Amino acid sequence: MAVEVGDVAPDFELKDQHGTPVKLSDFRGAKNVVLVFYPLAFSGVCTGELCQIRDELPTLGDADDVQVLAVSVDSMFALRAWADQEKYQFPLLADFWPHGGTAQRYGVFDETKGLALRGTFVIDTEGVVRWKVVNAIPDARDIDEYRKALAGL
C-alpha cells in the first residue's frame with residue numbers, strides 16, 4: 001500500500017553507509033525530512049540526482065531544519081564506497097535486508113526488478129507526509145520541486 005500525502009510516514013530503522021542505525025522517528029520534533037528512494041548506487045541518473053542534492057542542499061531550506069535521507073537496496077559497504085567517492089555528507093541508508101522492505105512499506109518497490117523506484121517524500125517535523133513524487137526508474141526528479149515543497153512547510 002502506497003504512502004500518501006497526509007499519512008503519518010511509516011517509521012523505519014536502517015543502517016547508514018557507516019553502519020550506524022538511523023531511525024526516521026528520531027527526527028520528529030526536530031527536522032523536516034526529505035526521504036529519497038533511488039534504484040542503485042553508482043548508476044548514472046542516481047549519481048546525478050544525489051550530487052545535485054549534495055550541491056543544492058543549502059538552498060533547499062534552513063539546513064538546520066532539513067535532513068536528507070537517501071535509501072536504496074544496496075549494501076552499506078557499497079554505499080560507503082559511493083559516499084566516499086562522491087563526498088555525500090547525508091546518510092545513505094541500506095534497505096538491503098529484508099530486501100527492499102522499507103521501499104515496499106512506502107509503495108515504491110519494483111518487485112520485478114528488485115529495487116526502488118525514484119520516490120521522494122517530504123515529511124514534516126510531526127512525521128506527516130506533506131509532499132511526494134514517484135518517478136519511473138529512468139526519470140530524474142526536479143530538485144526545484146523539493147525546494148517548493150519545503151518552502152510550504
Side-chain angles (χ1 to χ4, degrees), residues 3-5 7-96 100-109 115-135 137 139-153:
V3 173
E4 299 298 338
V5 171
D7 291 348
V8 173
D11 197 18
F12 59 83
E13 182 176 309
L14 297 171
K15 290 185 179 177
D16 71 8
Q17 68 266 34
H18 305 287
T20 304
V22 174
K23 198 171 183 183
L24 178 62
S25 58
D26 287 345
F27 298 99
R28 281 209 182 149
K31 291 189 176 199
N32 297 305
V33 173
V34 178
L35 181 60
V36 179
F37 289 91
Y38 60 95
L40 293 168
F42 294 101
S43 62
V45 176
C46 295
T47 299
E49 282 189 316
L50 267 62
C51 285
Q52 188 175 22
I53 291 170
R54 176 199 64 206
D55 297 343
E56 299 286 332
L57 187 58
T59 70
L60 292 181
D62 184 349
D64 293 334
D65 292 336
V66 177
Q67 177 64 57
V68 172
L69 300 175
V71 182
S72 75
V73 298
D74 297 290
S75 73
M76 72 173 194
F77 304 106
L79 295 177
R80 175 68 185 263
W82 195 39
D84 288 350
Q85 175 182 301
E86 299 298 336
K87 309 221 181 325
Y88 298 135
Q89 298 300 311
F90 47 85
L92 302 182
L93 305 179
D95 195 12
F96 186 73
T102 300
Q104 289 173 25
R105 290 180 64 210
Y106 277 78
V108 295
F109 189 73
L115 42 78
L117 301 171
R118 294 185 190 285
T120 305
F121 300 82
V122 172
I123 303 164
D124 70 14
T125 57
E126 299 305 312
V128 176
V129 176
R130 295 298 178 190
W131 181 81
K132 86 174 226 185
V133 66
V134 179
N135 289 7
I137 290 170
D139 300 332
R141 292 163 276 209
D142 182 354
I143 199 159
D144 286 332
E145 296 299 318
Y146 297 14
R147 201 172 283 112
K148 289 176 193 172
L150 287 165
L153 295 180

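Only this structure's heavy atoms are used, side chains among them; waters, hydrogens and symmetry mates stay out. The model shown is predicted, which means the values in this text are computed figures rather than measured ones.
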Spell out, as yes or no, whether a donor-acceptor pair under 3.5 Å connects the side chain of Asn32 to the backbone of Thr125. yes
More than 12 heavy atoms from other groups under 6.0 Å of NZ on Lys132: yes
Determine yes or no for a side-chain-to-main-chain donor-acceptor pair under 3.5 angstrom, with Arg130 supplying the side chain and Ile123 the backbone. no
pair Tyr146-Arg141: side-chain heavy atoms closer than 4.5 Å: yes
What is the distance from atom CG of Asn135 to atom OG1 of Thr120, rounded to the nearest 0.5 Å? 7.0 Å
Minimum heavy-atom distance Ala103-Asp95, with the two atoms named: N-OD2, 2.9 Å
Using side-chain heavy atoms (C-beta onward) and a distance below 4.5 Å, is Phe96 in contact with Lys15? no
Taking side chain as C-beta onward, heavy atoms only, is Cys46 less than 4.5 Å from Arg118? yes
Show every salt bridge (charged side-chain N to carboxylate O under 4.0 Å, His left out) that has at least one partner inside residues 72-84, sequence neighbours left out. Arg80-Asp84
Between Trp82 and Leu50, is any pair of side-chain heavy atoms under 4.5 Å apart? yes
Should the pair Phe37 and Phe121 be assigned to parallel (<30°), tilted (30 to 60°) or perpendicular (>60°) ring geometry? perpendicular
Can you tell me how far apart CZ (Arg28) and CG (Asp124) are? Round to the nearest 0.5 Å. 9.0 Å
Does a side-chain heavy-atom distance below 4.5 Å link Cys51 with Tyr88? yes
Using a cut-off of 6.0 Å, state whether more than 12 heavy atoms not belonging to Phe42 lie near its atom CZ. yes
Exactly one of Leu92, Val108, Ile137 should register a side-chain contact (heavy atoms from CB on, under 4.5 Å) with Tyr38. Which one does? Leu92
Mind checking whether Glu4 and Val129 have side chains closer than 4.5 Å, heavy atoms only? no
